[in-house]
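Single-structure report; data block below.
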Amino acid sequence: FYPVLNKGFTNIEMTKNKKVGYTIEFFPKAKKTKGWKFGSDENSKMFEAAMHLGTSEDVYLANVIRRPSLMSRDVSCHIIGLDIETGKKLYEVGLNDSKYNVFSITSYFDKATNNATILGYYYDGDDKSMKGNSKGLCAITINKSGEVVSKKYVSWTKDVSKFLDVNEKGKIKGEGYVHFHNFFTTADGRIFAFGEQYKRNADALGFAANALGGTGNLSKIVIEDMVFFEFTSEFELKNVKVMDKFKSTFPLETLGANMQLAGYLVSAYGGFDYAFTQRDLAEDVFTVVYTDYDRDEREFKIKSTTWVDGDFEEDSFSFETKKSSKGILPAKDGFILVMEYLYKENQLDMRLEKVDY
């Protein structure tokens with residue numbers, strides 16, 4: 001389920017039509033308001049899948065990915081805008097052009113104009129499957145009539161390389177790639193993208209298991225530092241900030257796989273240390289929460305990085321516990337909910353930890 005501001009929730013499901021399609025369903029908050037459904041054409045000759053992108057007061061955005069067959073390398077991305085009240089399609093915009101193909105990650109709306117800006121990766125136009133490495137990040141702005149009014153591109157080699165030692169494939173020297181968890185905008189128009197560095201290493205235990213006749217992963221993903229990209233309102237890269245973090249590993253067989261795709265697989269399996277983000281829109285504050293291991297104190301920590309008053313503030317507290325299972329969730333603004341469960345006692349403990357900034 002995805003929240004639609006204060007109006008309700010949407011749900012996206014795969015459906016079996018002539019081929020595979022999708023259905024978007026809106027569940028309103030108000031009891032007297034009718035819900036709606038919008039889906040792909042039952043007779044469509046394309047395989048179609050939808051992804052949630054974002055909402056404004058009036059428009060719900062979805063990224064629809066189409067391909068002629070399940071194994072086809074010819075992939076196209078389309079942005080569909082739906083009326084929040086009725087589910088009627090307002091517009092559909094293809095993101096690919098003769099020069100670049102685009103894979104969208106998220107979106108945000110300008111409250112003054114109601115224009116939607118789509119943020120994502122861009123690829124060479126010949127890479128129709130988008131399985132190769134991206135050329136950088138992009139921002140495509142669409143007005144309320146469904147017209148593309150601007151396209152901005154941030155290249156790994158021309159722009160990001162001013163702050164990080166990165167090559168044309170988006171690989172940072174010695175550190176690997178960046179998987180972006182989310183993008184956010186501030187009241188003054190600045191855009192922030194944050195993620196984690198990761199790279200592929202050989203898995204010695206996997207090789208040993210295979211050598212002894214067993215089975216094991218020949219490679220693993222090493223999860224490294226948190227990274228924050230700061231852009232101007234015109235999507236010009238202004239700064240890159242790296243937060244040091246203990247290296248963790250995640251077993252994933254990625255030999256021969258595209259590394260940016262591998263980042264999505266690690267995220268889907270919960271392999272990154274990132275936990276969640278809190279937004280306090282009234283105070284124009286956002287907090288990124290993640291787990292880390294403190295080498296000096298030799299214990300696990302819950303850490304937070306908060307953007308407040310034009311700068312980053314960091315905080316942390318212990319995550320060590322004797323409980324059998326533990327987890328962290330967002331709570332009210334400025335707080336983290338820590339849950340600990342002890343199997344033998346069948347006991348669930350919950351506590352609030354305050355984020356200081």
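Only heavy atoms go into these numbers, but all of them, side chains included; no hydrogens, no water, no symmetry mates.
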Assess, by modelled atom type and distance only, whether the side chains of [X] and [Y] contain a donor and an acceptor separated by less than 3.5 Å.
{"X": "Tyr123", "Y": "Asn133", "answer": "no"}
{"X": "Asn96", "Y": "Asn101", "answer": "yes"}
{"X": "Asn182", "Y": "Thr277", "answer": "no"}
{"X": "Ser304", "Y": "Thr306", "answer": "no"}

I'd like to know whether [atom1] of [X] has more than 12 heavy-atom contacts from other residues, nucleotides or ligands below 6.0 angstrom.
{"X": "Lys151", "atom1": "NZ", "result": "yes"}
{"X": "Tyr269", "atom1": "OH", "result": "no"}
{"X": "Glu42", "atom1": "CD", "result": "no"}

Co-membership, hydrophobic cluster, residues [X] and [Y], 4.5 Å side-chain:
{"X": "Tyr293", "Y": "Ile336", "result": "yes"}
{"X": "Val102", "Y": "Val64", "result": "no"}
{"X": "Val222", "Y": "Met243", "result": "no"}
{"X": "Ile65", "Y": "Ile80", "result": "no"}
{"X": "Ile12", "Y": "Met51", "result": "no"}

Could you check whether [X] pairs with [Y] (Lys NZ or Arg NE/NH1/NH2 to Asp/Glu carboxylate O, under 4.0 Å)?
{"X": "Lys241", "Y": "Glu230", "answer": "no"}
{"X": "Lys144", "Y": "Asp58", "answer": "no"}
{"X": "Glu353", "Y": "Arg351", "answer": "yes"}
{"X": "Asp188", "Y": "Arg190", "answer": "yes"}

Point to revise | Qualifying residue, where the test is ring-ring contact (aromatic ring centres under 6.0 Å, His included) with Phe229 and the options are Phe183, Phe184, Phe180 | key: Phe180
Any idea which heavy atoms bring [X] and [Y] closest together, and the distance?
{"X": "Leu237", "Y": "Val160", "result": "CD2-CA, 3.8 Å"}
{"X": "Val338", "Y": "Phe317", "result": "CG2-CE1, 4.2 Å"}
{"X": "Ser104", "Y": "Ile79", "result": "OG-CD1, 4.1 Å"}
{"X": "Ile328", "Y": "Ala275", "result": "CD1-CB, 3.6 Å"}
{"X": "Cys138", "Y": "Tyr122", "result": "CB-CD2, 4.0 Å"}
{"X": "Leu53", "Y": "Ser107", "result": "O-OG, 3.1 Å"}

Check your understanding: Does Lys245 offer a backbone N or O that forms a donor-acceptor pair with the side chain of Asp225 under 3.5 Å?
Key -> yes
Check your understanding: Checking Glu196 side chain against Asp273 main chain: does a donor-acceptor pair fall under 3.5 Å?
Key -> yes
Would you say [X] and [Y] make side-chain contact, with heavy atoms under 4.5 Å?
{"X": "Lys247", "Y": "Glu224", "value": "yes"}
{"X": "Asp110", "Y": "Thr117", "value": "no"}
{"X": "Leu352", "Y": "Lys332", "value": "yes"}
{"X": "Val266", "Y": "Phe272", "value": "yes"}
{"X": "Asp280", "Y": "Gln278", "value": "no"}
{"X": "His52", "Y": "Thr10", "value": "yes"}
{"X": "Asp124", "Y": "Lys135", "value": "yes"}

Inter-residue atom distance [X].[atom1] - [Y].[atom2], 0.5 Å rounding:
{"X": "Arg67", "Y": "Phe47", "atom1": "CZ", "atom2": "CZ", "value": "9.5 Å"}
{"X": "Glu234", "Y": "Thr232", "atom1": "CD", "atom2": "OG1", "value": "6.0 Å"}
{"X": "Glu313", "Y": "Asp311", "atom1": "CD", "atom2": "CG", "value": "6.0 Å"}
{"X": "Lys152", "Y": "Thr141", "atom1": "NZ", "atom2": "OG1", "value": "7.0 Å"}
{"X": "Phe26", "Y": "Phe9", "atom1": "CZ", "atom2": "CZ", "value": "9.5 Å"}
{"X": "Arg200", "Y": "Lys220", "atom1": "CZ", "atom2": "NZ", "value": "13.5 Å"}

Review point. Within 45° of the ring axis of Phe319 and under 6.0 Å from its six-membered ring centre, is that where the NZ or CZ of Lys326 lies?
Key: yes
Under 6.0 Å between the ring centres of [X] and [Y]?
{"X": "Phe1", "Y": "Phe27", "result": "yes"}
{"X": "Tyr2", "Y": "Tyr60", "result": "no"}
{"X": "Phe286", "Y": "Phe192", "result": "yes"}

Practice item. Go through the steps for Val59 and Tyr91 under the test side chain to side chain contact (heavy atoms under 4.5 Å, CB included), then give the verdict. Key: CA-CA 10 Å; Val59 181; Tyr91 55 77; 4.1 Å; yes
Exercise for review: Please lay out, stage by stage, how Ile118 and Leu61 fare under the test side chain to side chain contact (heavy atoms under 4.5 Å, CB included).
Suggested key: CA-CA 10 Å; Ile118 315 302; Leu61 283 186; 3.8 Å; yes
Review point. Tyr264 vs Phe103 aromatic rings, parallel, tilted or perpendicular, using cut-offs 30° and 60°?
Key: perpendicular
Check your understanding: Parallel, tilted or perpendicular for Phe194 and His181, by the 30°/60° rule?
Key -> tilted
Check your understanding: With sequence neighbours left out, which residue pairs that include part of residues 281-295 fulfil the salt bridge (charged side-chain N to carboxylate O under 4.0 Å, His left out) condition?
Key -> Asp292-Lys303
Check your understanding: Can you list every pair that meets side chain to side chain donor-acceptor pair (under 3.5 Å) and has a residue in residues 17-37, with sequence neighbours left out?
Key -> Asn17-Ser40
Study note, to complete from the structure: Which of Phe246, Tyr274, Tyr198 passes side chain to side chain contact (heavy atoms under 4.5 Å, CB included) with Ile223? Answer is Tyr198
Review point. Do Glu314 and Ser316 pass the side chain to side chain contact (heavy atoms under 4.5 Å, CB included) test, and can you show the C-alpha distance, the side-chain angles, and the key distance before you say yes or no?
Key: CA-CA 7 Å; Glu314 297 181 68; Ser316 68; over 6 Å; no
**Study point:** Evaluation steps, side chain to side chain contact (heavy atoms under 4.5 Å, CB included), between Phe228 and Trp307
**Key:** CA-CA 11 Å; Phe228 292 79; Trp307 172 260; over 6 Å; no
